Trainee: 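Got a structure for you, written out below as structure tokens; questions coming shortly.
These figures come from a predicted structure and were not determined experimentally.
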Amino acid sequence: MTKTTVTPKRVREIIAAYGADPARWPAAERTAALAILRDDAELSALLQDARRLDAALDSFAPPLPTVNAGDVAGRIMVAARQTPTPRPNETPSIPFWRWFGWPKIAGLAMAGVIGFTIGWTGLDAQLQEWMAPGSTIAAPALDAPDALLDGEVSW
Amino acid sequence: MNTDLSDDELMRRAGNGDRSAFGALVERHLPRVCAIAARMLASAAEADDIGQEAFLRCWQKAPGWESLDGGSGAARFTTWLHRVVINLCIDRRRRAAPLTLDAAPDLPDGAPDALDGLESKESAERVRSAIGELPARQRAALVLCYYEGLSNGEAAAVLEMSVSAVESLLVRARRNLRKSLS
């Protein structure tokens, strides 16, 4: 373990960070820091200043907690019974959609929509006619969009 | 006896469903957990909530504790628990309204140094408010090192930063407090 050298600059840093009480200083540097302080008036003044801030900080007593350990443990275990935690050796079940794969599901869904639309609109019958040799089904009229604008055809 | 067992052993037993081991962990660490939360949040009610939330996470984490630790002893239970508490407090403060100094009493007249008048009880509120205004990480470093007596190494492990970064936070926290209180 390397021994760090404590300098007056380091003592200044220690006081600035940890305050005036040597009990709060890094243990490995405490003895050396105290030795330097004894002979340094400027550092002693810094220590005095830190002591005043420490006294102010010590005046802040936090509100006391009101729960007791037994109550806390009991409530947690009741809550845990209602939402059990998986054991480390259990594999959580994988939802079917993740196992099956999104692309496959999306493809199936699209096929279903298309099939439904074809059946609902009777398009399948028209398609069969169109595909048949010699079909004479006319192309949609060019003025169809105007019909939409005139309100004759609704969305 | 559960009181003789280490935190890691109690955690392992709790992970296997040993409720008395879990109870022993709570008994051992709840006071400090609530003290940290109370100083971070300056509220007993909120500190109690944080305490319960922290130990709920402890219970949920227990089954996997050994795998986190890997048997190396590197993941000390208290380091992990204190980190959970600090993060819960920081999250809660992010959601809460910031403290203001409006309700703080005025400094006593004629005081040669503002800090000299702050040892009295009525000024504790001003200190509480000043601590509450610190950025979260500065407040966490101050609570862990100054109030809870953690070493700089222990605080660095909780906050997941270097010792020099912790010291920097402490220096800035104390500087900011001096400005606020002056």
Side-chain angles (χ1 to χ4, degrees), chain A residues 1 4 10-30 45-90 92, chain B residues 15 19 22-23 25-31 33-35 37-39 42-45 47-48 51-52 55-56 58-64 66-67 113 115-116 118-121 123-124 126-128 130-131 142 145-147 149 151-153 163 166-171 174-175 177-178 181:
Chain A
M1 191 157 80
T4 52
R10 177 60 186 153
V11 174
R12 198 181 304 271
E13 289 167 0
I14 287 171
I15 294 171
Y18 301 102
D21 185 356
R24 291 193 175 94
W25 298 356
E29 299 172 287
R30 191 177 297 144
L46 208 66
L47 195 75
Q48 195 62 26
D49 191 51
R51 203 166 274 139
R52 286 205 295 275
L53 179 56
D54 287 355
L57 292 177
D58 290 342
S59 73
F60 172 43
L64 293 171
T66 56
V67 288
N68 73 59
D71 289 347
V72 169
R75 270 199 290 274
I76 287 168
M77 286 187 277
V78 165
R81 266 197 287 275
Q82 290 159 0
T83 52
T85 312
R87 294 186 187 280
N89 59 355
E90 271 179 11
Chain B
R19 293 170 193 280
F22 179 68
L25 268 176
V26 176
E27 183 95 28
R28 189 180 289 180
H29 295 289
L30 183 66
V33 161
C34 288
R39 289 199 191 274
S43 161
D48 293 348
Q52 292 181 77
F55 281 103
L56 176 61
C58 182
W59 177 253
Q60 291 169 335
K61 203 59 146 179
E66 193 149 20
S67 60
D113 185 320
L115 287 175
D116 286 336
L118 288 172
E119 289 138 15
S120 56
K121 279 184 183 177
S123 300
R126 196 170 171 83
V127 175
R128 183 191 76 84
I131 290 174
L142 188 79
C145 292
Y146 188 87
Y147 287 109
S151 70
N152 54 15
V163 167
V166 170
E167 286 193 354
S168 174
L169 286 174
L170 289 170
V171 168
R174 290 179 68 91
R175 193 184 307 140
L177 285 170
R178 199 183 298 279
L181 297 172

Trainee: With side chains defined as the heavy atoms from C-beta onward, is the minimum distance between A/Leu57 and B/Ile131 less than 4.5 Å?
Mentor: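 Result yes, sub-4.5 Å side-chain heavy-atom pair found.
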Trainee: Are any of the side-chain heavy atoms of B/Arg39 and B/Leu142 separated by less than 4.5 Å?
Mentor: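 B/Arg39 vs B/Leu142: side chains apart.
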Trainee: Name the option with the most non-hydrogen atom pairs under 4.5 Å to chain B; the candidates are A/Ile14, A/Asp54, A/Ile15, A/Asp21.
Mentor: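 Ranked by heavy-atom pairs under 4.5 Å with chain B, first place is A/Asp54.
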Trainee: With A/Arg10, which residues qualify under salt bridge (Lys or Arg N to Asp or Glu O under 4.0 Å), at least two apart?
Mentor: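 So A/Arg10 forms a salt bridge (Lys or Arg N to Asp or Glu O under 4.0 Å) with A/Glu13, A/Glu29, B/Glu167.
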Trainee: So for A/Ala50, is it side chain, backbone, both, or neither that comes closer than 4.5 Å to the heavy atoms of chain B?
Mentor: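 Its backbone and side chain both get close to chain B.
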Trainee: Measuring from atom CH2 of A/Trp25 to atom CZ of A/Arg30, what distance do you get when rounded to the nearest 0.5 angstrom?
Mentor: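 It is 9.0 Å, given to the nearest 0.5 Å.
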Trainee: For chain A, find which of B/His29, B/Arg174, B/Glu27, B/Arg19 contributes the most heavy-atom pairs closer than 4.5 angstrom.
Mentor: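 Sorted descending by pairs with chain A, the first entry is B/Arg174.
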Trainee: Which atoms of B/Ser168 come close to chain A, meaning under 4.5 Å heavy atom to heavy atom: side chain ones, backbone ones, both, or neither?
Mentor: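 For B/Ser168, neither part sits under 4.5 Å from chain A.
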